[in-house]
Each structure stands twice: as C-alpha cells, then as structure tokens.
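Worksheet: one structure, shown below.
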Amino acid sequence: MSKSVIDIVKEKIVARHQGDEKQLEVIFSPSSRLLVEAPAGYGKTNTMVSKIAYMIATKQIPNPKRLLALTFSVNAAYKIKKDVTQQVPLLLADTGLDVATFDKILVSNYHGFSRSVLKKYGSVFHSNLKSIDTLQSIDDSDVKRTQTTVKGLSYEDAFFLSEFCDALKKGNATYLETNLEKYCAVIIKHLLPQGFISYNAILTLTQLLFKKHPNVIEFYTKYYSTLLVDEYQDTNILSFEIVKSLITAETKVILLGDSLQRIYGFIGAVENLLSISQHQFGLTKIELSKNYRFASNPEMLRLDNNIRRNAENTSKPEIKEDAIIKLNITDTQSDEALHVVKLSLAALKKYPESKVAILVKQRGQNVSSIIETFEHNKIPYFYGLFTDEDTNYLSFHRKCLYEFIELIRIKETITKKLAKEHVSLISKHYSESSDSLIEALISLLDIFWNKLFLDFSFLSNEEKTNLIKDTFEHNGLKQYIEFISTNIVISTVHAAKGLEWDYVILP
C-alpha cells in the first residue's frame, strides 16, 4: 500500500528533528493558534519551516500564497523567505504537491507589508501614495528639521508630529489611539503633497485605511488564511494594531518570539506582548526546550537556563544549580586590554579563518584602552561601536536613504550599476571625513550591496527596494558586521543582536 502525502511529509519531518519533542509538538499541534517561545539557538527556523510544510501537506494552508509571514526587520523577513522557498519544497518532494509557487509567499516586515497596501489603495488619501517607494522618508521626531524640510508646516504641527513619535517610544497607547487621525491628517495635508512621508506614517495610514475602508481589510483577512509573525517580542503598538486587524475568528495564527530578546523597548516594543497576545488571541503556548547552540558547553547551557529562571521570577528564581563561568579578573584596564588582545590572537593562531567579536556595553575608557592596545601592536580590527543614538550613525543612514530614493526615481530597477553609483555618491559625500565610524559604515554599505545580489538575488525588484529602504530607515547597516573580512570586530552588544561569531569576548 502506497504512503499518503501526509505520511511521507511526516516521516521526513520526524527524521529532520531527531526526536526533539517540543519542536515536533509545535509542528504537529492540532491547534490553529500557537504561541511559540523560541530563544536563540533552540531551532526556531527549522521548526517554522517544517510547520509550514506540514500545514501545506495537510491542507491547513490551501495554497502557499495564502500564508502571510511578518517580522520586525525586513532582513530577517527575507532570510525566512529564503529558508522557506529552499527547504519546504524538499520536505514536500515526492508528494505530487505543486512546489512551484513557494516564491509567491508574502514574507515582509510590518512596513513592507503596509507599503504594499498603500501602493494599492492609499490613493484614497493622496495620489502620491501610488509611488510610495519614491517618497523621501523624513524623521518627524526632530521638530526643527521637520519644519525646515516641509515648507509651510507650522511649529505647532511639527511639534505634534514629534510628540506622536515620543508617545510611540513610550508605549502610550491611549495617546496614539486618540491622535491617530490627527497625525494622519497632518501627513496627508503637508508631507505627501511635497513628496515626503514619515516612517511611522506608513503604519498609521495603513491602520486608518483599514479603519475607514473595511472592504480593504476584509479582502486581506479573507485572502490570508494563515498569519505567521516572527521576532514578535519586538512589535510596537502601531505594528500590533496591524496584526490585530489581520486576525479574524477564522485566521490561523502562529506567533514566534522570546520575551528575553526584547531589546527595542526604547523605541516602543510592547512590554509583555507575548503574554498579552496569548490571552487576546486564544493561543496555545509551546516553549522550545533544547538549546543547540550550547549543547556541548554545559556551563553556558546552565547559565542560559538560570537567566531564564531568573526572568520568570526575579525575587525567588528556581535556580537548581549555579553556573560556574570562569572569569579573568585583572587589576587595571591596560592589563585587561592586553589580555583581550592575547585571547584574540590565540584564537586566530589556532583557527586562522575564525572570527572574533569583542563586545562591550558602550564606548568609554575601557574600550578605548583595548583599541589603543590593538593599534599599538598593529593588529587590524573592525570598528563597530555603533549605537542608535549616534548622530553620525543616524545621519549616514539618512544620507544613504535620500540618495537611494533619488536614484530609483530615475532608474526604477535595482542593478549592480545602481549599487556602485550609490556607494560612490556616499563615499564622495564623506570624502573629507576622518571619522573611523564613517569609514566603517562605508565598508558596511559596500558589503550590504554585495550581499543583496548574492544572498537576496531571488527577490523581486519591489522586495529588493523594500529591503534597501528598510535597512536605511531602520539604521540597519550594523547587521552586516559579521560579514566583514577583518577577523576581529570590536562592537557594542546592542549592535550584535542576531549576529554570530566563532569567538565572543566580553570585557
């Protein structure tokens, strides 16, 4: 007797996950609404890929195009798309199912999805939204810059736009809800006619569109039968409103995240969102339990577990056994700096092709001592001490975004020639700068464009445009630090989120 499609796929999945009970519980769960607590290194991506394959095999997703996958960053979104389009067809091979449409799955971040909505229907607000990709983005948190850039905008309106941004960062849901229409009105009246749009307005206008034109959201909720959201812990209030709009009583929901990885509280990521959503959407919660990243390192495994137990109950954590982590304590900053250099060189001597990251909280006297020691010994390193508050870091991304939008107004297709021209324009603008941060950012910009044509060549022109714009709007060049050719990187912990190295040193 021949095996059924479901049996074939199930066998492949079971073999792929090698007895990981929690991963298999997620994949084969009969619940149509799941919250998956998935820390880094616990096999989240593999689990997600197998879950999608199983849902397609069992007709829970009738067609790949009926799945909408969203995430906080567009970079992560397209990595998901790459994994899904490459790996799901392998799991569905020999089943007779059509795997030719997997590149049609819509995987995006909140802003990319909202852009696509406004491009189709935003003209009810203003005709310029049909060409949303060529609108110049403006940071409306800066009152003076906004008023200078947007002609005829009063101080009161510029101040209001800034207040709205501030309320988002503070997570003030009541203020945002009360002032949503007023905020959109200022954008529609003053910014859109002059070819500008703010980053937050992409979400607020979409939210208002769904509210004022229920037929539009009805189309999306009927079309997308399954909603999957990754990096859910980083969702802010405006994005959460988009998620809520997309969920009806019939929608299948899969939310993946890790509350301990919520590092964007300073820009409005909703506190306790996983718990809130579990109750609001009636989700079955499953926690992945096996840490593959530290599988061969029992003390780090124990430390990871203890940190999580402490987060669950900070006053009385259930710590069964202390994690014994060997620390090197030095008497002076210069001694520590020398020790960091020696550790780095020892790692590279043993494995010359390996990458070493020296991660610090922030710039200061201690990291300056480390840098001086590297330079004194003429040891090359990459300067990655970026923060989202650095004026030069922010202005570099704004310049990159401005020049890119100006280029695509003339040349609509993303090509290597356009990329080369973009890097040339930025390099020329900063030609007289001796700032090591700017030098590092130009290197990252070049790497970003190269990775676009290597790793994301499968994306459509519109998806590439979204990836580029989102990277610059999100100040995201730091996400490409792990791809630099230099073996040693000195970076902030914050800039290193989601990146991987062979060795990590924490001075």
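Taking a 6.0 Å sphere around OH of Tyr220, one finds it holds more than 12 heavy atoms contributed by other residues, nucleotides or ligands. Counting non-hydrogen atoms of other residues, nucleotides and ligands closer than 6.0 Å to NZ of Lys290 gives a total of 12 or fewer.
Not a single donor-acceptor pair under 3.5 Å links the side chain of Ser369 to the backbone N or O of Gln365. Using modelled atom types, one side-chain atom of Ser443 and one backbone atom of Glu439 make a donor-acceptor pair closer than 3.5 Å. Not one N or O on the side chain of Glu403 forms a donor-acceptor pair closer than 3.5 Å with the backbone of Leu425. Thr149 contributes no side-chain N or O that, together with a main-chain N or O of Thr146, makes up a donor-acceptor pair within less than 3.5 Å. Between the side chain of Gln86 and the backbone N or O of Lys81 there is no donor-acceptor pair closer than 3.5 Å. Looking only at distances, a side-chain donor or acceptor of Asn450 sits under 3.5 Å from a matching main-chain atom of Asp446. In this structure, Gln194 contributes its side chain and Leu191 its backbone to no donor-acceptor pair below 3.5 Å. One N or O on the side chain of Thr134 and one on the backbone of Ser131 form a donor-acceptor pair closer than 3.5 Å. When atom types are taken as modelled, the side chain of Asn461 and the backbone of Glu412 share a donor-acceptor pair closer than 3.5 angstrom. At distances below 3.5 Å, not a single donor-acceptor pair connects side-chain atoms of Ser127 with backbone N or O atoms of Ser123.
Annotation: side-chain contact (heavy atoms from CB on, under 4.5 Å) contacts of Asn63 (sequence neighbours excluded): Lys65, Arg66, Thr101. Evaluation of the ring-ring contact (aromatic ring centres under 6.0 Å, His included) rule for Tyr292 yields no partner, not counting sequence neighbours. Tyr393 meets the ring-ring contact (aromatic ring centres under 6.0 Å, His included) test with Phe386, His397; sequence neighbours excluded. Taking the side-chain contact (heavy atoms from CB on, under 4.5 Å) definition, one finds that Thr204 meets it with Phe164, Leu180, Tyr183, Cys184, Ala201, Leu238, sequence neighbours left out. Looking at residues two or more places apart in sequence or on another chain, you find a side-chain contact (heavy atoms from CB on, under 4.5 Å) between Leu303 and Met300, Ile307, Ala323, Ile325. When the ring-ring contact (aromatic ring centres under 6.0 Å, His included) test is applied to Tyr42, no partner is found at least two apart in sequence or on another chain. Partners of Ser485 by side-chain contact (heavy atoms from CB on, under 4.5 Å), not counting sequence neighbours: none found. A search for ring-ring contact (aromatic ring centres under 6.0 Å, His included) contacts involving Tyr199 returns His111, His474, not counting sequence neighbours.
The distance from atom CD1 of Ile481 to atom CZ of Phe483, rounded to the nearest 0.5 Å, is 11.0 Å. Of the inter-residue distances, the one linking Leu441 atom CG with Lys478 atom NZ reads 11.0 Å to the nearest 0.5 angstrom. Here the CD1-CG distance, from Ile505 to Leu343, works out to 5.0 Å after rounding to the nearest 0.5 Å. Atom CG of Leu70 is separated from atom CG of Leu255 by 10.5 Å, given to the nearest 0.5 angstrom. The CG atom of Leu153 sits 9.5 Å away from the CG atom of Asp140 when rounded to the nearest 0.5 Å.
For residues 417-435, the set of pairs meeting the salt bridge (charged side-chain N to carboxylate O under 4.0 Å, His left out) definition, not counting sequence neighbours, comprises Lys411-Glu421. Under the salt bridge (charged side-chain N to carboxylate O under 4.0 Å, His left out) criterion, no residue pair touches residues 374-385, with sequence neighbours excluded.
Ion pairing of Glu500 with Arg293 is present here, as a side-chain N (NZ or NE/NH1/NH2) and a carboxylate O approach within less than 4.0 Å. Using a 4.0 Å cut-off between charged side-chain N and carboxylate O, Arg115 and Glu473 make a salt bridge. A salt bridge links Asp258 to Arg308: at least one charged side-chain nitrogen sits closer than 4.0 Å to a carboxylate oxygen. Between Lys119 and Asp133, at least one side-chain N (NZ, or NE/NH1/NH2) sits under 4.0 Å from a carboxylate O, which counts as a salt bridge.
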Expected list for residues 351-361: side-chain donor-acceptor pairs under 3.5 angstrom, two or more places apart:
from	atom 1	to	atom 2	distance (Å)
Ser354	OG	Tyr351	O	2.7
Lys355	NZ	Ile484	O	2.6

Give every donor-acceptor pair under 3.5 Å between a side-chain atom in residues 43-54 and any protein atom, sequence neighbours left out.
from	atom 1	to	atom 2	distance (Å)
Lys44	NZ	Asp230	OD1	2.8
Lys44	NZ	Asp230	OD2	3.2
Asn46	OD1	Arg16	NH2	3.0
Thr47	OG1	Gly43	O	2.7
Ser50	OG	Arg16	NE	3.0
Ser50	OG	His17	NE2	2.6
Ser50	OG	Asn46	O	3.2
Lys51	NZ	Val26	O	3.0
Lys51	NZ	Ile27	O	3.3

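Shortest non-hydrogen contact noted between Ser116 and Glu462 is CB-OE2, 4.3 Å. Among all heavy-atom pairs drawn from Ile242 and Leu203, the shortest one is CD1-O, 4.0 Å. The two residues Ile132 and Lys469 make their nearest non-hydrogen contact at O-NZ, 3.4 Å. Nearest heavy-atom pair across Glu231 and Thr71 is OE1-OG1, 2.8 Å. Shown here for Phe72 and Asn109, the closest heavy-atom pair between the two residues is O-CB, 3.6 Å. Taking each heavy atom of Leu129 and Gly122 in turn, the nearest pair found is CD1-O, 3.2 Å.
Here the two rings, on Phe472 and Phe396, have centers that are 6.0 Å apart or farther. Aromatic ring centres of Tyr78 and Phe458 lie farther apart than the 6.0 Å criterion allows.
In this structure, Lys451 forms no cation-pi arrangement with Tyr480, as its terminal cationic atom is not both closer than 6.0 Å to the ring centre and no more than 45° off the ring axis.
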Stepwise side chain to side chain contact (heavy atoms under 4.5 Å, CB included) test for Leu274 and Gln233: CA-CA 7 Å; Leu274 273 65; Gln233 75 281 345; 3.9 Å; yes
Leu161/Ile187 under side chain to side chain contact (heavy atoms under 4.5 Å, CB included): CA gap, chis, key distance, verdict: CA-CA 9 Å; Leu161 295 179; Ile187 299 294; 4.2 Å; yes
Evaluation steps, side chain to side chain contact (heavy atoms under 4.5 Å, CB included), between Leu106 and Phe113: CA-CA 8 Å; Leu106 180 55; Phe113 170 73; 4.0 Å; yes
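By the 30° and 60° cut-offs, the orientation of the rings of Tyr232 relative to Phe240 is perpendicular.
Under the 4.5 Å side-chain criterion, counting only non-hydrogen atoms from C-beta, Leu256 is in contact with Leu228.
For the residue pair Ser344 and Tyr381, no side-chain donor N or O sits within less than 3.5 Å of a side-chain acceptor on the partner.
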